[in-house]
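Protein chains get the first letters and strands the later ones, always in sequence-line order, with residue 1 at the start of each.
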Number of protein chains: 2
Amino acid sequence: MLQRNAPSSIVKRLPVYLRILDNLIKKDVEIISSRTLSNQTGFTAEQIRKDLAYFGAFGTRGTGYNTVYLREKLLKIIGLDKETNVIVLGSGHLGNAFGRYNIIKNPYIRVVGMFDVDLEVIGKRVEDLHIEHFDKMSEVIKEHNVKVAVLTVPAEQAQYVVDELVKCGITAILNFAPTKLNVPKNVHVHNTDLTIELQSLIYYSSSEEEGIN
Amino acid sequence: MLQRNAPSSIVKRLPVYLRILDNLIKKDVEIISSRTLSNQTGFTAEQIRKDLAYFGAFGTRGTGYNTVYLREKLLKIIGLDKETNVIVLGSGHLGNAFGRYNIIKNPYIRVVGMFDVDLEVIGKRVEDLHIEHFDKMSEVIKEHNVKVAVLTVPAEQAQYVVDELVKCGITAILNFAPTKLNVPKNVHVHNTDLTIELQSLIYYSSSEEEGIN
DNA sequence: CTGTGTGAAGGAGTTCACAGCG
DNA sequence: CGCTGTGAACTCCTTCACACAG
């Protein structure tokens, strides 16, 4: 049942459900229907039911989903039922933002290291962390059994850093560097390229304008 | 030919091609084949050809694509042939990172305003900008004919800010706030939620581990 | 009688295979 | 002969329609 090969189209929606459940539980809502979830997510109710049903029958017919129960199931499915340690590579503006970002204050996810090569920033404090030299990376990865890394180094250094990460046993990388990373098949990379996001958005921003080239 | 309703699956790849072309042109490469582009992007060669052919026949059979010519076509298709002005809402860590990010040093895109409500940060300098109060937003949007906004405010304020943006004529929003935005159909929203990215990545990070619940 | 769970239909996007042009 | 351009096949995902359980 709890495979790790669910369609990515489903996987990327699971955290959305999780967040909404967190909010609902905070407001002491005990039951939620797929229709209400639909309103809050923008996904269709059928799709939400299919997504959840993919992992098992978590709802009650005629009633809906128990928020607390569903949340626990989702945590387990995603792998957030136990704390996940993460490291951040690169302490530029983006890495820094990431190290301080709310994400991190998420109870499930903990940043256990930030690394850079710039001697000027090494030793500086970001929240309760000190920026360390890349050299220390493998040590920290072993110590905290880290499997997930956030990559915010310049494009030119990205592949080198990734090769090191892979050697250290990292299996999932959130890549902000504007370049294609080559990794073994067992390593997952999510690319989040701000330039690309913005540029593809610009395509849509000029809808009303001229038609022909 | 130059519609604004190309499949989003294609649109999101266009900026990737553009970046590679920029790099190639910098190295004085004049011709590129879909196969080589495939190696550099990870997309299949067929897909690349389909993508480009969607907008017209830009290549030369038996040879490949002229880098400079293709780049110009892509710029026009995306809408980057003329400078695009952008504003950033929220000057927290992420907004700040964005305001300073390379993106911005992209010749096509210019950040013409950063806004916040926190009196402590208003007036501060980010690169060559001063953070201004939200009140000034509509003025700046009109002055620079801004259509694109980057939203990095807290989730609770996001919808309010978006409603204002829409009133001012913004048609495309890059949303980093972890919440669903309600907008008219003619406004495009791209959601980039760092928590969600990271959480869905964690799903894949634990692939080797236990199987059943 | 409400809302979930799900087979079946439909649609979108990708891959295949090859025709067409330089 | 090489590489683009493209119909056709295929795969994946979403939507529809409804059976089914509380």
Side-chain angles (χ1 to χ4, degrees), chain A residues 1-14 16-17 20-21 24 29-74 77 191 200 203-204, chain B residues 1-17 20-21 24 29-74 77 200 203-204:
Chain A
M1 178 133 309
L2 193 53
Q3 328 91 336
R4 294 278 151 197
N5 49 4
S8 63
S9 54
I10 294 181
V11 173
K12 72 183 180 210
R13 286 188 292 264
L14 299 179
V16 180
Y17 304 140
I20 290 174
L21 289 170
L24 290 170
V29 178
E30 287 177 10
I31 301 292
I32 182 86
S33 71
S34 60
R35 169 170 291 263
T36 314
L37 275 172
S38 170
N39 292 335
Q40 297 201 28
T41 57
F43 313 141
T44 67
E46 299 84 348
Q47 189 165 57
I48 292 167
R49 293 203 299 276
K50 270 253 156 88
D51 284 354
L52 300 178
Y54 178 87
F55 299 99
F58 300 147
T60 311
R61 296 183 185 214
T63 309
Y65 299 89
N66 177 292
T67 52
V68 173
Y69 179 72
L70 182 57
R71 174 176 173 277
E72 265 165 32
K73 285 295 180 186
L74 284 175
I77 291 164
N191 294 300
S200 61
Y203 173 87
Y204 296 104
Chain B
M1 178 134 311
L2 194 52
Q3 327 94 332
R4 293 278 151 198
N5 50 3
S8 62
S9 53
I10 295 181
V11 173
K12 73 183 180 212
R13 285 189 293 263
L14 299 179
V16 180
Y17 304 141
I20 290 173
L21 288 170
L24 290 170
V29 178
E30 287 177 9
I31 300 291
I32 182 87
S33 71
S34 60
R35 168 170 291 264
T36 313
L37 275 172
S38 171
N39 292 335
Q40 297 201 28
T41 57
F43 313 141
T44 67
E46 299 85 347
Q47 187 164 58
I48 292 167
R49 294 203 299 276
K50 270 254 158 88
D51 284 353
L52 300 177
Y54 179 88
F55 300 99
F58 301 145
T60 310
R61 295 180 186 216
T63 311
Y65 300 89
N66 178 293
T67 52
V68 173
Y69 178 72
L70 183 56
R71 174 176 173 277
E72 265 165 31
K73 285 295 180 186
L74 284 176
I77 291 165
S200 61
Y203 173 87
Y204 297 104

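If you measure from atom CZ of B:Arg61 to atom C1' of D:dT4, you get 5 Å, rounded to the nearest angstrom. If you measure from atom CZ of B:Phe43 to atom P of C:dT15, you get 11 Å, rounded to the nearest angstrom. When the C1' atom of D:dC3 is taken as reference, atom CG of B:Asp51 falls 17 Å away, rounded to whole Å. In this structure, A:Ile31 atom CD1 and C:dT4 atom P are separated by 10 Å, rounded to whole Å. Atom pair B:Lys12:NZ and C:dG13:C1' shows a separation of 9 Å (rounding to whole Å applied). Rounded to an integer number of Å, the gap from CD1 of A:Ile32 to C1' of C:dT4 is 14 Å. Rounded to a whole Å, the CZ atom of A:Arg49 is 11 Å from the C1' atom of D:dC16. Atom C1' of nucleotide C:dT6 and atom CD of A:Gln47 are separated by 15 Å, given to the nearest angstrom.
Of all heavy-atom pairs spanning B:Asp51 and B:Phe55, the tightest one is O-CD1, 3.4 Å.
One finds a side-chain N or O of A:Tyr65 lying less than 4.0 angstrom from the OP1 or OP2 phosphate oxygen of C:dG5. Put simply, A:Ser34 has a side-chain N or O that comes within less than 4.0 Å of OP1 or OP2 on C:dT4. One finds no side-chain N or O of B:Tyr54 lying less than 4.0 angstrom from the OP1 or OP2 phosphate oxygen of C:dG13.
Of the candidate nucleotides D:dA8, C:dG13, D:dC16, D:dC16 has the atom nearest to the side chain of A:Glu46. Of the candidate nucleotides D:dC3, D:dT14, C:dG3, C:dG3 has the atom lying nearest to any side-chain atom of A:Ser33.
Below the 3.5 angstrom threshold, one finds a donor paired with an acceptor across the side chain of A:Lys50 and the base of D:dT15.
For the atom pair A:Glu30 CD and A:Thr67 OG1, the distance stands at 6.5 Å (nearest 0.5 Å). Of the inter-residue distances, the one linking B:Glu46 atom CD with B:Ser34 atom OG reads 7.5 Å to the nearest 0.5 angstrom.
Judged by closest nucleotide on DNA chain D, B:Gly62 is the one of B:Gly62 and A:Thr60 placed further toward the 5' end.
Annotation: side chain of A:Asn66 is not in contact with side chain of A:Phe58 (no heavy-atom distance under 4.5 Å). Counting only heavy atoms from C-beta outward, the side chains of B:Arg49 and B:Tyr65 approach each other to under 4.5 Å.
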